[in-house]
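Structure record follows, encoded as structure tokens.
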Amino acid sequence: MDKEKNYELLKAEALKHGMTLFGVANLTGVELNPHPEIRTAIRDLPYGISIGYRLSPRVLATIKDKPTLIYKHHYKTVNWILDQTAERLVTLIQQLGGDALAIPASQTVDWEAQVGHISHKQVAYLAGHGWIGKSGLLVNPKFGAQVRYATILTNLPLKTDIPVDGSCGTCRKCIDACPAGALSEKGWDKDRCLAQLKKFAGIRGIGQYICGVCIKVCDGKLE
Ligand code: B12
Ligand code: SF4
Ligand code: SF4
């Protein structure tokens, strides 16, 4: 099996469909804490492909202190592109003789705990896409937090990437911008953030737990 060749074939397919970032995490020995629904389905899939799609700076520019309708549409469209691309990669992996499962870009499966099937940020970190910033988001060295992610778990032998060595340094743009006071040097207060997102979901036409403020300010330029 040619790990390098498989990697390049999948990367080319991801980029062809508009992805900004492609990387592979070696998940051997990693505690993924998957939701029970997929625990059996992902056994023996030791590689985590992390794809990332950069959010539109023009759309993000419309956000001041709350989500806008165009951001809501963009959010949904980007999730759709990520999910479509993930499924295309599953097809290609099967054609190459492997097996794979695409994890939805943005599906909450436990509403009490507010968790998805697995953490895309964890896989994206291990695949070398960035570090966990003061906002709790994955911060890419070039695009900041302005990237959404999806994951494909597979057993197709692949070359793997390594985490990047980065940090927020003295930057605190997200802390200063958060409308809920949910961010501090100590990190992200999930309950405060969630309460704010519930309020935003009540805005006519939004109807989703979205905000976008800490993403809009985290543009890859550390200040
Ligand atoms: C449910 C959910 C929420 C819940 C919060 C739930 C929670 N407990 O995290 C609510 C509704 C509050 C929420 C809010 C937002 N969300 Co949300 N959300 C999700 C979802 C669907 C599941 C998250 C989950 O399972 N969390 C469980 C915990 C255990 O995992 P985690 O928070 O992902 O990761 C933590 C640990 O794994 C650990 N960790 C991971 N890697 C590493 C590495 C090291 C070295 C260390 C030490 C720790 C560590 O630290 C992480 C951060 O605390 C994911 C999609 C997915 N399946 O990942 C999107 C996701 C996390 N959301 C995302 C976004 C963008 C948002 C919002 C900005 C809303 C918006 N779109 O406008 C806000 C951001 C708030 C913030 N500052 O983080 C993006 C993040 C992209 C990025 N660049 O980081 C994701 C990945 C969706 C996507 N497809 O891109 N979200
Ligand atoms: S805005 Fe600055 S402090 Fe906040 S996560 Fe991004 S780089 Fe880190
Ligand atoms: S999503 Fe909004 S409320 Fe939540 S931490 Fe980011 S800026 Fe604050």
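Quick caveat: nothing in here was measured; it's all calculated off a predicted structure. When a ligand or atom number is given, it counts from 1 through the structure's own listing order.
Here's the thing with Val147: one of its N/O atoms is less than 3.5 angstrom from an N/O atom of ligand 1. By the 3.5 Å distance cut-off applied to N or O atoms, Ser135 is counted among the residues near ligand 1. Below 3.5 Å of separation, one finds no N or O of Tyr125 facing any N or O of ligand 1. Residue Ala105 places at least one N or O, backbone or side chain, under 3.5 Å from an N or O of ligand 1. At least one N or O atom of Gly212, backbone or side chain, sits closer than 3.5 Å to an N or O atom of ligand 1. Taking only nitrogen or oxygen atoms, main chain and side chain alike, Tyr209 does not reach within less than 3.5 Å of ligand 1. Polar contact with ligand 1: present for Cys211 (N/O pair, distance under 3.5 Å).
Proximity to Leu222 (heavy-atom distance under 4.0 Å) selects the following atoms of ligand 2: 7 (S). Of all atoms in ligand 2, numbered sequentially from 1 with element shown, those under 4.0 Å from a heavy atom of Cys171 are 1 (S), 2 (Fe), 3 (S), 7 (S). Against a heavy-atom cut-off of under 4.0 Å, Val139 is close to the following atoms of ligand 2: 5 (S). Every atom of ligand 1 with a heavy atom of Thr108 under 4.0 Å away is listed here by number and element: 1 (C). Remark: ligand 1 atoms within the under-4.0 Å shell around heavy atoms of Gly116 are 22 (C), 24 (C), 25 (O). Counting atoms of ligand 1 from 1 in the listed order, those under 4.0 Å from a heavy atom of Ala145 are 83 (N). Residue contact check: Cys168 has heavy atoms under 4.0 Å from atoms 3 (S), 5 (S), 7 (S), 8 (Fe) of ligand 2.
Residue contacts with ligand 1, taken as heavy atom pairs separated by less than 4.0 Å, involve Ile118 solely via the backbone atoms N, CA, C and O. When non-hydrogen atoms are compared, ligand 1 lies under 4.0 Å from neither the backbone nor the side chain of Pro67. Neither the backbone nor the side chain of Gln146 has a heavy atom within less than 4.0 Å of ligand 1. Using a 4.0 Å cut-off between heavy atoms, Trp188 contacts ligand 1 through its side chain alone, with no backbone atom that close.
At the shortest separation from atom 85 (C) of ligand 1 among protein heavy atoms lies Arg148 NH2, 4.7 Å. Nearest to atom 14 (C) of ligand 1 among the protein's heavy atoms is Leu197 CD2, 3.5 Å. In terms of protein heavy-atom proximity, atom 68 (C) of ligand 1 is nearest to Ile215 CD1, 3.6 Å.
Within the 3.5 Å criterion, the main-chain N or O of Glu31 finds a donor-acceptor partner in the side chain of Gln122. Side chain of Asp161 to main chain of Val24: a donor-acceptor pair is present (N/O by atom type, distance under 3.5 Å, no hydrogens or angles). Formation of a donor-acceptor pair under 3.5 Å by the Thr108 side chain with backbone atoms of Asp110 is not found in this model. Here the side chain of Thr62 pairs no donor or acceptor atom with the backbone of Arg58 at under 3.5 angstrom. Judged purely by atom type and a 3.5 angstrom limit, Lys173 uses its side chain to pair as donor or acceptor with the backbone of Lys221. The main-chain N or O of Pro157 is found under 3.5 Å from a side-chain atom of Asn6 such that the two form a donor-acceptor pair. Looking at Gln146, its side chain does come within 3.5 Å of a backbone N or O of Ile215 through a donor-acceptor pair. Checked by atom type and distance alone, the side chain of Thr154 pairs as donor or acceptor with a backbone atom of Asp99 at under 3.5 Å.
Side-chain N/O atoms of His117 and Glu37 include a donor and acceptor closer than 3.5 Å. Side-chain N/O atoms of Tyr53 and Asn79 include no donor and acceptor closer than 3.5 Å.
Taking 4.0 Å as the cut-off between side-chain N and carboxylate O, Lys5 and Glu8 do not count as a salt-bridged pair.
Here the straight-line distance linking atom NZ of Lys159 with atom CG of Asp2 works out to 11.0 Å at 0.5 Å rounding.
Between Tyr149 and His129, the ring-plane angle classifies as parallel under the 30° and 60° cut-offs.
Of the listed residues (Val123, Val115, Ile51, Leu137), the one carrying the non-hydrogen atom nearest atom 27 (C) of ligand 1 is Val115. When the heavy-atom distances from atom 37 (O) of ligand 1 to Ala113, Cys174, Ser119 are ranked, the shortest goes to Ser119. For atom 50 (O) of ligand 1, the choice among Leu138, Asp110, Ile132 with the nearest heavy atom turns out to be Ile132. Distances from atom 41 (N) of ligand 1 to the heavy atoms of His120, Lys72, Gln122 show the closest one on Gln122.
Grouping Ile, Leu, Val, Met, Phe, Trp and Tyr by side-chain contacts under 4.5 Å, direct or through others, puts Leu183 with Ile175, Trp188.
Under a 4.0 angstrom heavy-atom cut-off, Ala150 registers as lying outside contact with ligand 1. For the pair Tyr71 and ligand 1, a heavy-atom separation below 4.0 Å is found.
In this structure, the salt bridge (charged side-chain N to carboxylate O under 4.0 Å, His left out) partners of Asp176, at least two apart in sequence or on a different chain, are Arg172.
Near ligand 3, residues Cys178, Pro179, Ala180, Leu183, Trp188, Cys193, Gln196, Leu197, Cys211, Val213, Cys214 each place a heavy atom inside the 4.0 Å sphere around the ligand atoms.
Annotation: Phe200 is not in aromatic contact with Tyr209 [ring centroid separation under 6.0 Å not met].
For the salt bridge (charged side-chain N to carboxylate O under 4.0 Å, His left out) condition, the pairs that include at least one residue of residues 121-142, sequence neighbours left out, are Lys134-Glu185.
Looking only at side-chain heavy atoms (C-beta outward), Ile103 and Ile152 stay at 4.5 Å or farther from each other.
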